[in-house]
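Accompanying notes for the structure given below.
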Number of protein chains: 2
Amino acid sequence: MAPKVIDKAKKRKDMALACSNLIHDVGIKNLTIQKVADSAGIGKGTVYEYFENKEDIIFEIINIHIENYQNQFLKDITTFSSIKEKIFYFFNFVLNDDEETSKHFNGYREYLSIIFTDGNEGMWDFNEECNIFIEEQLNQIIQEGIDKNELNPISKKFIKPIMIFEKGLVLVKMTQKNQNVKKECENFINELFALISTKEGIKNV
Amino acid sequence: MAPKVIDKAKKRKDMALACSNLIHDVGIKNLTIQKVADSAGIGKGTVYEYFENKEDIIFEIINIHIENYQNQFLKDITTFSSIKEKIFYFFNFVLNDDEETSKHFNGYREYLSIIFTDGNEGMWDFNEECNIFIEEQLNQIIQEGIDKNELNPISKKFIKPIMIFEKGLVLVKMTQKNQNVKKECENFINELFALISTKEGIKNV
DNA sequence: CATTTGTTGACTGACGGTCGGTCAACAAAT
DNA sequence: ATTTGTTGACCGACCGTCAGTCAACAAATG
């Protein structure tokens, strides 16, 4: 009945990984199914055994990128001690310009470009999940600040705004050259912290 | 010497207007040059007399939308008296769900999706201009608040953050369903105002 | 060997963009 | 007033590209 059972989900990931660099090299606009097939070492028709369409491929790749990024985040965040450092690392995605992070950032940009014309249910769900993840992370950081008596309890009201501000920075970076996102971020966080820190907290610069 | 001189810039606008509804109806993904030509009542080849490529058409349409929106904004903003009302109207673009504003918003979404894969110099410049416009507007509102002694002078430090927050809301609305952008906006503005208002200002709720 | 499952690349249709040619409008010459 | 010349707006047949399909083949199984 079933000769050679294939784990489609695994093969999906393998194939996406195989052309994860491809998308980075040529960009979505120039990514063709043929290139994907060649890159994965299979026939063009086979691609459609695992992916519904081109957008679906991009989606899988972005999934992997985001997953990697989140894992890295969870690892790295523990290495920072001060609340402010942690907050700034929260903005790492948009502030850091090293090759690895840029890869994630650009991948996300291409992903957004698809959503904006072709969003499907799976994508909305995925976005929702990502959002829950970052809200949890930020919530933890802020809560820690409050517990340590460095931040005023009112700070909790600014969790969502900080998240939204981060998204705003993403949009700024994606739409405007010569905008110093780092400066704007520092400005906002510093000014905000001046308002929501306890007297305790202000001492520990 | 000169047979039938045509104002290309005007025709560009006319044509863009002619298919402005088209793009709204079918979306960028399904917008074909042929449809544009049909909609404008001209031949396919002629389209390229006025536009470099498909992206260029979208760009012109968005230009018109944004221009209209900005003019409307300048008219409407004068009708609000309180600073907070003005600030909320500043967020009108992302908060208002009426047909007209949604049209602008969706147009902008499609525009972003192009920039994200195919940005050119003209588009970056345009974004820059838009940004300058909204910064001027917000600056005026905040300055008025300070002059009226309703807002603390520190408020000026929050002009850029508020702008960036607005962009963040845009991204939220474009990527997540079931997110109450209105609530998030009110939350942020109210909490922030509680921190940056003068005692004078707090009285005037 | 028969059957089922996986794989393939030739094929199709759609679309963006090009290009040689047409013709209305106007100017200059007669 | 009429003819002739020039220009450039306009057109749509055509081309290359590419996403997606499918009939045929290969491999595995019992």
Side-chain angles (χ1 to χ4, degrees), chain A residues 1-16 18-19 22-23 25-62 110-111 113-115 117-120 122-123, chain B residues 1-19 22-23 25-62 110-111 113-120 122-123:
Chain A
M1 275 291 250
K4 191 156 78 166
V5 175
I6 284 196
D7 183 348
K8 289 220 171 186
K10 185 182 181 311
K11 191 123 186 186
R12 254 182 86 99
K13 274 208 171 180
D14 288 345
M15 285 181 55
C19 56
L22 193 62
I23 201 176
D25 293 340
V26 302
I28 280 189
K29 197 81 193 283
N30 301 314
L31 184 77
T32 65
I33 299 292
Q34 191 60 61
K35 282 178 190 165
V36 169
D38 292 346
S39 175
I42 59 172
K44 190 180 168 188
T46 313
V47 172
Y48 287 91
E49 287 293 316
Y50 301 100
F51 298 97
E52 272 188 36
N53 50 36
K54 194 175 162 179
E55 278 70 35
D56 197 25
I57 299 173
I58 317 282
F59 185 46
E60 187 65 34
I61 294 175
I62 300 303
E110 309 251 31
Y111 172 62
S113 132
I114 292 180
I115 292 196
T117 51
D118 244 353
N120 63 42
M123 292 176 178
Chain B
M1 273 294 251
K4 190 156 75 169
V5 174
I6 283 199
D7 183 349
K8 289 220 172 187
K10 187 184 180 311
K11 190 122 186 188
R12 252 182 87 97
K13 275 206 173 180
D14 288 346
M15 284 180 56
L17 274 172
C19 55
L22 192 62
I23 201 175
D25 292 340
V26 303
I28 279 189
K29 195 81 193 285
N30 302 314
L31 184 76
T32 65
I33 300 291
Q34 192 60 58
K35 282 180 189 164
V36 169
D38 293 346
S39 173
I42 61 173
K44 189 179 167 190
T46 312
V47 173
Y48 288 91
E49 287 291 319
Y50 301 100
F51 299 97
E52 272 188 35
N53 49 36
K54 194 176 161 180
E55 279 70 34
D56 198 26
I57 299 174
I58 316 283
F59 186 45
E60 187 66 34
I61 294 175
I62 299 302
E110 310 253 28
Y111 172 62
S113 101
I114 291 179
I115 292 196
F116 287 174
T117 51
D118 245 352
N120 63 41
M123 292 177 179

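Chain letters run A, B, ... following the sequence lines, proteins first, then strands; residues in each count from 1. Values in this document were obtained by computation on a predicted structure and should not be read as measured data.
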| field | Minimum-distance nucleotide to A:Y50 side chain [options: D:dT21, C:dG16, C:dT7] | value | C:dT7
What is the distance, to the nearest angstrom, from the [atom1] atom on [X] to the [atom2] atom on [N]?
X	N	atom1	atom2	answer
B:I28	C:dC15	CD1	P	15 Å
A:I58	D:dC18	CD1	P	14 Å
A:K54	D:dT17	NZ	P	15 Å
B:D38	D:dG12	CG	C1'	12 Å
B:N53	C:dT18	CG	C1'	13 Å
B:Q34	D:dC14	CD	C1'	13 Å
A:E55	D:dA19	CD	P	10 Å
A:I114	D:dA19	CD1	P	12 Å

| request: Would you indicate what B:I57 reaches in the nucleic acid, counting non-hydrogen atoms under 4.0 angstrom: base, sugar-phosphate, or nothing? | output: nothing
Would you say that [X] contacts [Y] through its side chain, given a criterion of any heavy-atom pair below 4.5 Å between the two side chains?
X	Y	answer
A:I33	A:Y48	yes
A:M15	A:I57	no
B:D56	B:R12	yes

| query | So does B:K44 reach the base of C:dG17 with its side chain, donor to acceptor, closer than 3.5 Å? | reply | yes
| said: Return the pairing partner of D:dG12 with a 3.5 Å limit on both distances, Watson-Crick or G-U wobble; otherwise return none. | reply: C:dC19
| request: Look through every strand shown and name the nucleotide pairing with D:dA27 as Watson-Crick or G-U wobble, where both distances are under 3.5 Å. | output: C:dT4
| On DNA chain D, nearest-nucleotide positions of B:E49 versus A:K35: which is more 5'? | B:E49
Is the phosphate of [N], meaning OP1 or OP2, less than 4.0 Å from a side-chain N or O of [X]?
X	N	value
A:K11	C:dT7	yes
B:T46	D:dA9	no
B:T32	C:dC15	no

| request: Not counting sequence neighbours, which residues clear side chain to side chain donor-acceptor pair (under 3.5 Å) with A:D14? List them please. | output: A:K10
| query | Take atom NZ in A:K35; do more than 12 heavy atoms of anything else shown fall under 6.0 Å from it? | reply | yes
